[in-house]
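Start at 1 and go down the list; that is how both ligands and their atoms are numbered. All residue numbers refer to positions in the sequence shown, counting from 1.
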Amino acid sequence: MAYENILVETRGGVGLITLNRPKALNALNSELMRELAAAIDGFEADRNVLCMVLTGSEKAFAAGADIKEMAARDFPDTYTTDYMSGLWERASTCRKPIIAAVAGYALGGGCELAMQCDFIIAADNAKVGQPEVNLGTIPGIGGSQRLTRAVGKSKAMDMILTARNMDAQEAERAGLVARVVPLASLMEETMKAAEKIASLSLPAILMAKEAVNRSFEVTLAEGVRFERRLFHSTFGVADRKEGMTAFAEKRKPNFIHK
Ligand code: CAA
């Protein structure tokens with residue numbers, strides 16, 4: 001498929017998607033989100049891809065949903081078409097791991113898209129925030145929920161009600177981003193993390209991701225029970241036996257994703 005707003009490539013077992021609307025600082029419009037969802041679908045279906053990375057440019061991961069596209073919409077239109085549901089949430093329904101590599105602005109929908117990914121590695125020039133109230137609107141692709149779960153109520157309220165941005169260091173202190181790295185090494189560090197994940201057993205990686213995500217949906221007791229059952233399930237996977245045998249034999253495991 002030919003894309004106009006994103007670049008898509010594979011590097012070994014890693015599928016890399018780069019948002020590419022430089023003139024609009026990668027603002028997310030419907031076409032870009034359609035392409036992003038299609039690219040994720042493609043990597044999900046590709047047996048050779050074991051981890052994905054989503055990134056933007058050095059200046060902007062994404063400066064938000066496309067304000068110019070949104071400006072003319074009205075309530076009946078957004079409500080009846082369930083605007084920003086479905087395709088706009090595709091990264092959050094991805095089964096394979098997806099890492100956001102964020103440099104520059106990740107504002108509004110850009111911050112929300114990064115938060116839909118499994119974790120965020122930020123460059124030291126990253127600026128993240130939910131400034132929608134400046135436009136007379138509010139976050140629309142999960143920001144009020146995911147930011148609050150990531151940083152807690154007080155800081156989420158501060159960010160969403162005052163529209164201020166966090167720099168990379170504050171975002172890391174607050175737990176929104178997993179790590180901050182120098183801008184020049186953002187892709188190298190992110191690819192290292194992605195390659196490590198891609199070198200592991202896919203069933204174990206999918207189960208680990210599913211277990212962590214479950215913690216947002218259920219009580220602690222139910223979450224621990226769910227984890228325990230998945231843990232038991234790894235004993236039905238050949239890679240689990242191989243991983244433990246390889247450790248005992250002091251050699252590298254040879255995972256076959258079965
Ligand atoms: N939508 C549409 N176009 C955008 C955009 C956006 N979110 N952000 C930037 N652009 C466009 C600008 O209009 C400009 O285009 P032109 O050259 O045609 O004028 C181009 O990108 C470059 O932007 P700037 O000249 O503004 O660049 P800057 O370096 O001076 O400022 C910025 C950068 C501070 C990020 C500024 O662009 C900005 O404030 N952008 C909007 C941020 C924002 O409010 N995001 C939230 C959007 S609402 C949302 O996302 C809703 C939701 O929850 C789903």
Open item on the list: Is the positively charged end of R73 above the ring of Y83, judged by distance under 6.0 angstrom from the centroid and angle within 45° of the axis?
Closed with: yes
Any idea which part of [X] is under 4.0 Å from ligand 1, heavy-atom wise: side chain, backbone, both or neither?
| X | result |
| --- | --- |
| P131 | side chain |
| L135 | side chain |
| K23 | backbone |
| A65 | both |

Task: Residue among L7, V8, T55, T10 satisfying side chain to side chain contact (heavy atoms under 4.5 Å, CB included) with L16 - done: T55
Task: Test applied, side chain to side chain contact (heavy atoms under 4.5 Å, CB included); reference residue, M115; option that passes from I141, V177, L176 - done: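 Exactly one pass, corresponding to L176.
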Task: Sidechain-backbone polar pair: K96 side chain, V49 backbone, donor-acceptor under 3.5 Å - done: yes
Task: Backbone of R21 reached by a side-chain donor or acceptor of N26 within 3.5 Å - done: yes
Determine whether any protein heavy atom is located less than 4.0 Å from [atom].
| atom | answer |
| --- | --- |
| atom 30 (O) of ligand 1 | no |
| atom 36 (C) of ligand 1 | no |
| atom 41 (C) of ligand 1 | yes |
| atom 50 (O) of ligand 1 | yes |
| atom 7 (N) of ligand 1 | yes |

Which protein non-hydrogen atom lies closest to [atom], naming both residue and atom, and how far is it?
| atom | value |
| --- | --- |
| atom 5 (C) of ligand 1 | A27 CB, 4.0 Å |
| atom 26 (O) of ligand 1 | L25 CD1, 5.0 Å |
| atom 15 (O) of ligand 1 | K68 NZ, 3.4 Å |
| atom 53 (O) of ligand 1 | E132 OE2, 2.5 Å |
| atom 1 (N) of ligand 1 | I67 N, 2.9 Å |

Check each atom of ligand 1 against the heavy atoms of [X] and keep those under 4.0 Å away; list them by number with element.
| X | result |
| --- | --- |
| A24 | 4 (C), 9 (C), 10 (N), 11 (C), 21 (O) |
| L107 | 35 (C), 42 (C) |
| K59 | 29 (O) |
| P139 | 53 (O) |
| E112 | 52 (C), 53 (O), 54 (C) |
| M70 | 48 (S) |
| D66 | 1 (N), 2 (C) |
| M84 | 54 (C) |

Open item on the list: Under 3.5 Å, is there a donor on one side chain and an acceptor on the other for N5 and E31?
Closed with: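 Looking only at side-chain atoms, E31 and N5 do not form any donor-acceptor pair under 3.5 Å.
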TODO: Could you grab the distance from atom NZ of K241 to atom CE of M244, nearest 0.5 Å is fine?
DONE: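 Here the rounded value is 11.5 Å.
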- [ ] For the pair S30 and W88, evaluate side-chain contact (heavy atoms from CB on, under 4.5 Å) and give the outcome as yes or no after the intermediate values.
- [x] CA-CA 8 Å; S30 300; W88 289 74; 4.0 Å; yes
Between [X] and [Y], which heavy-atom pair has the shortest distance, and what is it?
| X | Y | result |
| --- | --- | --- |
| E189 | V181 | CG-CG1, 3.8 Å |
| A194 | V53 | CB-CG2, 3.6 Å |
| A62 | L28 | CB-CD2, 3.9 Å |
| F255 | S201 | CD1-N, 3.7 Å |

TODO: Tell me, please: is Q130 in heavy-atom contact with ligand 1, that is, under 4.0 Å?
DONE: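 Per 4.0 Å heavy-atom rule, Q130 does not contact ligand 1.
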Open item on the list: Would a single hydrophobic cluster contain both F119 and M52, if residues Ile, Leu, Val, Met, Phe, Trp and Tyr are joined by side-chain heavy-atom contacts under 4.5 Å?
Closed with: no
Open item on the list: Would you say the ring centers of F231 and F235 fall short of 6.0 Å from each other?
Closed with: yes
Task: Pick from G108, G142, A63: the one approaching atom 43 (C) of ligand 1 most closely through a non-hydrogen atom - done: A63
